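Note sheet for the following structure.
Below, all heavy atoms of this structure are taken into account, side chains as well, without hydrogens, waters or symmetry copies. No experiment lies behind these values; they were computed from the predicted model shown. Residue numbers begin at 1 in each chain, while the letters A, B, ... track the order of the sequences.
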2 protein chains.
Amino acid sequence: MKATLLVRNIGELATPTGTSARAGSDMRGVSVIHDAVIAVDGETIAWVGPATEAPAIEGAPPKILDAGGQAAIPGFIDSHTHLVFGGYREDEFYWRAAGVPYMEIHERGGGIANSVRATREASLDDMISSGAKRLQRMLELGVTTVEGKSGYGLDLDTEIRQLEAMRTLATVQPVDIVPTYLGAHSVPEEYKGSPGDYIDYMIDTVLPLIRQRKLATFCDIFCERGVFEIEDSRRFLIAAREAGFRLKMHADEIERIGGAGLAAELRATSADHLLKASIDDLDAMAEAGVVATCLPLTAFSLREPYANARAMIDRGLAVALATDLNPGSCYSHSIPLTAALAALYMRMSIEEILTALTLNGAAAIGLANDRGSIEPGKLADILLLDAPSYRHLAYHVGMNIVSTVIKRGTVANARP
Amino acid sequence: MKATLLVRNIGELATPTGTSARAGSDMRGVSVIHDAVIAVDGETIAWVGPATEAPAIEGAPPKILDAGGQAAIPGFIDSHTHLVFGGYREDEFYWRAAGVPYMEIHERGGGIANSVRATREASLDDMISSGAKRLQRMLELGVTTVEGKSGYGLDLDTEIRQLEAMRTLATVQPVDIVPTYLGAHSVPEEYKGSPGDYIDYMIDTVLPLIRQRKLATFCDIFCERGVFEIEDSRRFLIAAREAGFRLKMHADEIERIGGAGLAAELRATSADHLLKASIDDLDAMAEAGVVATCLPLTAFSLREPYANARAMIDRGLAVALATDLNPGSCYSHSIPLTAALAALYMRMSIEEILTALTLNGAAAIGLANDRGSIEPGKLADILLLDAPSYRHLAYHVGMNIVSTVIKRGTVANARP
């Protein structure tokens, strides 16, 4: 076996396995190896197993990383974020915390329009520098791949600028970025009262340009009553699919209008939020292989009920967990708090949580074939934990226990 | 003015003021200075104010720290922790999260007895090395002074060893440690069914020894139905006070037995938890100047209701917030999550939260005279935030935004 890096003395290695999402009771199946070794060749994993069975290394001697008995898990995959934006909305956060009603917050100038204004004013350099800082903080928390959405420009120039910022960011720091076009985040002022015309504009003008410049892999839409209804959403997503995009949806977060069912019908890669999704629609998602992405930090920040992940898993869905980082409803990308909320308030087991934050996160962005688990042939995206077991992930409530982040075979962050 | 360190270009400096706890509506009074300068002379603050009014520095030129427009606040004071312990209790965490009843957890070997066993087995070196790691993580989160309790030994040797570990820890790392003897944390196996005899033993044998060796400043007791009832608690605390200790109490957490009233009667420095305290007892605490310490991370981790901090403040109490870090009910010392819980689930304003985590934390350990605010004469324990305003503290939900920690006039931690 050839190897460029040998991670040894891993007290406990825990990982889901496979190259597609794990669903239902399969989410509890985590492979655990004690006194493990990982051999990395270049950017990928060459061998994983117990130290006693490790094959000899041939050729040039590899770098050695002694894990000192720490636990190892796959890098986290945050499959739903809005990481490029301008401005902050802390006033709105405190108004909401103090119980100011939604409409009054809107009248005081809160809401997404606030971020759209600030993002339109942000230059490409602003976006790159604030985005790079956020990505560094994500990396420290163990995120090795992140999905990032546009959607705070709504106009052509700003949406493109958000996507261009992500393209540049992907080249200047280690975290892989999967870009999503979310022009259908909200109906812009310019199209107020005419969401259908805005959909036409995106289909006719924006999608071809983004596709041509290969600026986004996914298209997403905020499918909600009074924003983009089911018919407009179907029309937009079918056009996006025909243009070559893969599909995501913000579905049934606020009101049950059948977004989850539409995601199943169109075989979207994921449907996200799902607080109000019907049982029938969830069953259809399971049938169609759509990943159900739960975003507990948003529920926590809005003091809303959590998505019923327990029922989803018990009905055979593949559940992913993501942060939903954004400047409004959820200004957080705390993976540790996501894990704690899932354990304490969503009744997920720690094995289900680990799977939801790694392999199923990868599946939610269509990349489970090459990442999301520690297995030969996959990218060497690996975390060492300052803890004896992966079971400390939720137990050490809200605390970052990632000590070392290996990204594509290289140590990308090591905690002092 | 003489100075050894000049912190300049502070975009926004926010601090409570004064040398005693702020109570009731005073907790909303935070002093905010834009474009501020702090001059430090040795370990203490020499001058604070707007850059335009800064006096000239005489003598040797100071070190300069350019805050680059960041916000500055006082160092956090975590006034209730159990930072020295042996072993972990992650199984118990997941059992509880999955809804296993308390008694069954107990039968499976969960509960404090588990930590007592592991702590009795831990050597002084074990305690120092695990404690040092925890203190480093606390420092990174901006904690510059911490209270630490014994109470996982219950026998003489282990209680002394916990306190000795804290004494050594105070000399090998920058965070100041205020030690508390909490032998009355639980009735040990050796005294099962005879809490009164255990109280006698502590009064006759343990307190004099700890006092003589100056191993603890405070005595604390877990005053609850079925553990230490009011009469035993009164007897113990009066003896402790006579022996020269200052007093703290775990009061009315699980059942209303009048612990808060006893804290008022004895003029304890603080009473902590207080979830079930009566209005009359809270009023008595306000009257007696007892700090009310709320521990929202514990409520979060146990899925219990939060203490009614809003009512406490509105009735004129001085409220402090602390983490309650311990291996059982709350394995967390996340100051950011504490702030988020206080804003979102306890209806505290961000100014009240800032005061509760700094000046009132200092008051809860009897040190508001020399720390807890950024004012001339106080210790130069100062945080720079990777944010334009202290108002990002709770808004950036669960995230650490501390970029630089100045402890006693020296940079003790700087984020890469």
Side-chain angles (χ1 to χ4, degrees), chain A residues 88-94 96-99 133-134 136-137 140-141 297-298 300-303 310 323 325 327 329-338 340-351 353 386-401 413-416, chain B residues 88-94 96-99 133-134 136-137 140-141 297-298 300-303 310 323 325 327 329-338 340-351 353 386-401 413-416:
Chain A
Y88 296 106
R89 284 154 62 189
E90 69 271 25
D91 287 344
E92 191 178 327
F93 174 85
Y94 293 107
R96 203 167 49 220
K133 207 155 81 175
R134 268 167 223 141
Q136 171 61 26
R137 299 297 170 235
E140 290 166 9
L141 293 172
L297 288 174
T298 312
F300 176 80
S301 301
L302 296 176
R303 288 193 296 240
R310 185 72 268 136
T323 67
L325 168 68
S329 60
C330 179
Y331 184 38
S332 180
H333 52 89
S334 175
I335 297 284
L337 184 52
T338 303
L341 291 169
L344 289 166
Y345 293 90
M346 298 167 78
R347 310 265 169 160
M348 289 173 72
S349 74
I350 187 59
E351 290 74 21
I353 293 167
D386 187 11
S389 170
Y390 71 100
R391 289 168 62 77
H392 282 232
L393 278 176
Y395 165 58
H396 205 355
V397 174
M399 302 292 304
N400 180 22
I401 60 171
N413 198 69
R415 201 165 179 167
Chain B
Y88 295 106
R89 284 154 62 190
E90 70 270 25
D91 286 345
E92 191 177 329
F93 174 86
Y94 293 107
R96 203 165 51 222
K133 207 155 82 174
R134 267 167 224 140
Q136 170 61 25
R137 299 295 170 237
E140 289 166 8
L141 293 171
L297 287 174
T298 313
F300 176 80
S301 301
L302 296 176
R303 286 193 298 240
R310 184 73 267 134
T323 65
L325 168 67
S329 61
C330 180
Y331 184 39
S332 181
H333 51 91
S334 174
I335 297 284
L337 184 52
T338 302
L341 291 169
L344 288 167
Y345 293 90
M346 298 166 79
R347 308 265 169 159
M348 290 173 70
S349 74
I350 187 61
E351 289 75 21
I353 293 167
D386 187 11
S389 170
Y390 71 102
R391 290 169 61 76
H392 281 232
L393 278 176
Y395 165 58
H396 206 355
V397 173
M399 301 293 305
N400 180 22
I401 62 171
N413 198 69
R415 199 166 182 168

Practice prompt. Identify the heavy atoms of A/Ser332 and B/Val397 that sit nearest to each other, and give their distance.
Written response: OG-O, 2.6 Å
Worksheet item: Which atoms of A/Glu140 come close to chain B, meaning under 4.5 Å heavy atom to heavy atom: side chain ones, backbone ones, both, or neither?
Response: side chain
Discussion item. For A/Tyr94 versus B/Leu393, what's the shortest heavy-atom pair and its separation?
Written reply: OH-N, 4.3 Å
Worksheet item: Non-hydrogen atoms of chain B under 4.5 Å away: do they reach the side chain of A/Arg96, the backbone, both or neither?
Response: neither
Worksheet item: Side chain, backbone, both or neither: which part of B/Ala394 has a heavy atom under 4.5 Å from chain A?
Response: both
Discussion item. Out of B/Asp386, B/Asn400, B/Leu325, return the one with the most heavy atom pairs under 4.5 angstrom to chain A.
Written reply: B/Asp386
Discussion item. Heavy-atom pairs under 4.5 Å with chain A: which of B/Met348, B/Arg415, B/Gln136 has the most?
Written reply: B/Arg415
Worksheet item: Under a 4.5 Å heavy-atom cut-off, does chain A meet the side chain of B/Pro327, its backbone, both or neither?
Response: both
Item to complete: Below 4.5 Å from any heavy atom of chain A, which atoms of B/Ala343 appear? Answer side chain, backbone, both or neither.
Response: both
Discussion item. With heavy-atom distances below 4.5 Å as the criterion, would you say the side chains of B/His392 and A/Tyr331 are in contact?
Written reply: yes
Discussion item. Whether the side chain of B/Arg303 engages the backbone of A/Tyr345 through a donor-acceptor N/O pair (distance < 3.5 Å, no angle test) should be reported.
Written reply: no
Worksheet item: Would you say A/Tyr395 and B/Arg89 make side-chain contact, with heavy atoms under 4.5 Å?
Response: yes
Worksheet item: Is there side-chain contact between A/Asp91 and B/Arg391, with at least one heavy-atom pair below 4.5 Å?
Response: yes
Worksheet item: Going by heavy atoms in the side chains, are A/Met399 and B/Leu337 under 4.5 Å from each other?
Response: no
Worksheet, complete the sentence: If one checks every heavy atom of A/Leu297 against chain B at 4.5 Å, the contacting part turns out to be neither
Discussion item. If you define the side chain from C-beta out and look only at heavy atoms, does anything of A/Glu90 sit under 4.5 Å from B/Ile350?
Written reply: no
Worksheet item: What option among A/Ser301, A/Ser349, A/Gly398 has the most heavy-atom pairs under 4.5 Å with chain B?
Response: A/Ser301
Worksheet item: Quick one: what part of B/Leu302 sits under 4.5 Å from any heavy atom of chain A, side chain, backbone, both or neither?
Response: neither
